[in-house]
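Single-structure report; data block below.
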Amino acid sequence: MNNQSKKMALLGSTSIPKALLAMGIPTMIGMLVNAFYNLVDAYFVGGLGESQMGAISVVYPLGQVVVGLGLLFGNGAASYISRLLGRGDKENADIVASTALYSSVFTGAVIIIISMVFMYPILNFLGATESILPYAATYAGIYIVSCIFNVFNVTMNNIVTSEGAAKTTMCALLIGAVLNIALDPLFIYAFDLKLAGAAIATAISQMVSTCVYLTYIIRKKSVFHFRIKDCIYIKEILSKDTSMTFVNTKVIMSEIFKIGIPTLVFQILTSISISLVNNTAGDYGDSAIAGMGVVTRLISMGSLSVFGFIKGFQPIAGYSYGAKKFDRLREAIKTSILWSTAFCVIFGLTLTLFPDAIVSQFTKDDAEMIRIGAASLRANGISIMLFGFYTVYSSLFLALGKGKEGFILGACRQGICFIPIILLLPMVWGLNGILYAQPIADVLSTVITVFMAIPLHRKLNGMQKQPSAINIGSHN
């Protein structure tokens, strides 16, 4: 069996536990280490002072928006690609992959240029105080430019995972993360570049991850050919054969955007929620911003690990749905919920039981930062235990091509539920309103997930009983 056949077998016929382990664990490890190096960044920058720590907390959501472009095209394409491969349509899957990659890089470059031109107004909007702003500008000036590599990496991450090559994604993330961890102390302290050194270390690490993916493409390890002439815009212009079977631009972009836009909105809402926390916490000083910044990174370490695992679940779900293998789909859902919830419970208990010891690692002697961060971490540690269940279903809707439902559920945790709470609760509960806003939003999001999951399973059961009536759409 050749390499491509093995990838398709992994998606369509390998036992679910084995397939999830093969697809989910490598991506989970890669994203876990990726999240860990964000913590290492915070650890080393924390030694420079609270304002510097606050600076990377302020810049973080801006980077997430730029990276969201990679998710817009990458995740949108990955969902469609998995369903196309499930139907055996390799030709159009190839076109979708090329279109997504080059579109993301071009759009990312445009957004990065705009971000650099309006950097100071953006940083002020994101919650930079007078003392934090100079440091934030220094860090952002390097970090945001380097995000073009991250846009490429995130897009490739999704596309490569959709074809069953999760180990490649793990290697790219792992190499970049380990390199960043090694370079941080070197550039920050040994070369005395301070905050700029942290940004340079991140930039170099992202470039190396890009090289991993480029090697994968050049050595033709991928199922797909990433050629500019395979972009749908170029292909339609060059094609003189009107009988060709490839899907047109409108259909491809519609399929990418109906899944990608909810993912991008999720990233934007995440950035807005962090900005609202920073702005609200700013009333309580730089220590509050720094403390909440540490909590954001710690929670991200757990949530990105779950996202990494579920990223391996998505192509299996999409492929099974496209191939009408509903028993396989249900087993994948059940197993993913069980495993991701077990991880979240262990992670949440660790944060809840040892919050002071954990937060104190990110500051020299700021007692107020430790107090605020530990209180928030304790509450978030409890609510993160629900995160696995929520993430399986928010990702499942997107994997099945159900953009509307995926949009609603994906927007709950950081938008529909969180934003009203963070705007209103601090007015009546002060600092505690900031600390407990996310946990309350997590509980509400889980309740909404239950009510959306029930009709989905009823529909899947109906599809299995009447296979001839299945309507997944000619291109869904």
Next on the checklist: Does Thr202 form a side-chain contact (heavy atoms from CB on, under 4.5 Å) with Tyr143? I'd like the steps, not just the answer.
Outcome noted: CA-CA 7 Å; Thr202 299; Tyr143 173 72; 3.9 Å; yes
Item to check | Test side-chain contact (heavy atoms from CB on, under 4.5 Å) applied to Gln414 and Gln438, step by step | outcome: CA-CA 8 Å; Gln414 299 291 342; Gln438 188 63 69; 3.4 Å; yes
Item to check | Steps toward side-chain contact (heavy atoms from CB on, under 4.5 Å) verdict (Val277, Ile289) | outcome: CA-CA 8 Å; Val277 170; Ile289 295 177; over 6 Å; no
Checklist entry - Between Leu329 and Leu400, does a side-chain contact (heavy atoms from CB on, under 4.5 Å) hold up when you go through it step by step? => result CA-CA 10 Å; Leu329 175 59; Leu400 303 187; 4.2 Å; yes
Checklist entry - Checking side-chain hydrogen bond (donor to acceptor under 3.5 Å, both in side chains) for the pair Ser209/Asn153: CA distance, chi angles, key distance, verdict? => result CA-CA 7 Å; Ser209 292; Asn153 295 341; 4.5 Å; no
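Tested against Glu331 for a side-chain contact (heavy atoms from CB on, under 4.5 Å), the candidates Pro17, Ser15, Ser336 yield a single pass: Pro17.
Taking the side chain as every heavy atom from C-beta outward, Leu11 and Ser82 never approach each other to under 4.5 Å. Here the side chains of Ile358 and Leu351 are in contact, with some heavy-atom distance below 4.5 Å. Under the 4.5 Å side-chain criterion, counting only non-hydrogen atoms from C-beta, Phe257 is in contact with Leu72. Side-chain atoms of Val392 and Ile310, non-hydrogen and from C-beta on, do get closer than 4.5 Å to each other. Looking at heavy atoms from C-beta onward, Cys211 lies out of side-chain contact with Met207 at the 4.5 angstrom threshold. Side-chain contact check for Gln314 versus Asn75: some heavy-atom pair is nearer than 4.5 Å. You'll find the side chain of Cys147 reaches within 4.5 Å of the side chain of Ile112, heavy atoms only. Side-chain contact between Tyr213 and Thr169 is present, with heavy atoms from C-beta onward closer than 4.5 Å.
Environment of CZ in Phe125: sparse, with no more than 12 heavy atoms of neighbouring residues, nucleotides or ligands closer than 6.0 Å.
Atom CG of Leu398 and atom CD1 of Ile261 lie 12.0 Å apart (nearest 0.5 Å). Note that CG of Asn92 is 6.0 Å distant from CG of Leu84, once rounded to the nearest 0.5 Å. Remark: Tyr319 OH to Met23 CE distance equals 11.5 Å, nearest 0.5 Å. A distance of 6.0 Å separates CG in Leu101 from CE in Met156, rounded to the nearest 0.5 Å. Distance OH/Tyr216 to CD1/Ile159: 11.0 Å, rounded to 0.5 Å. Going from atom CG of Leu409 over to atom CZ of Phe266 covers 10.5 Å, rounded to the nearest 0.5 Å.
Closest heavy-atom contact between Gly373 and Val295: O-CG2, 3.3 Å.
Listed for the Thr99 side chain is no donor-acceptor partner under 3.5 Å among the backbone atoms of Ile252. Using modelled atom types, one side-chain atom of Asn380 and one backbone atom of Ser376 make a donor-acceptor pair closer than 3.5 Å.
In this structure, Arg297 is positioned above the aromatic face of Tyr60, its NZ or CZ under 6.0 Å from the six-membered ring centre and within 45° of the axis.
For residues 381-400, there are no salt bridge (Lys or Arg N to Asp or Glu O under 4.0 Å) pairs, not counting sequence neighbours. Among pairs with a residue in residues 438-465, those fulfilling ring-ring contact (aromatic ring centres under 6.0 Å, His included) read Tyr393-His457, at least two apart in sequence or across chains.
Ring centers of Phe307 and Phe387: under 6.0 Å apart, within the cut-off.
Aromatic ring orientation, Phe343 versus Phe347: parallel (interplanar angle below 30°, classes split at 30° and 60°). Using cut-offs of 30° and 60° on the angle between ring planes, the pair Trp339 and Phe309 is tilted.
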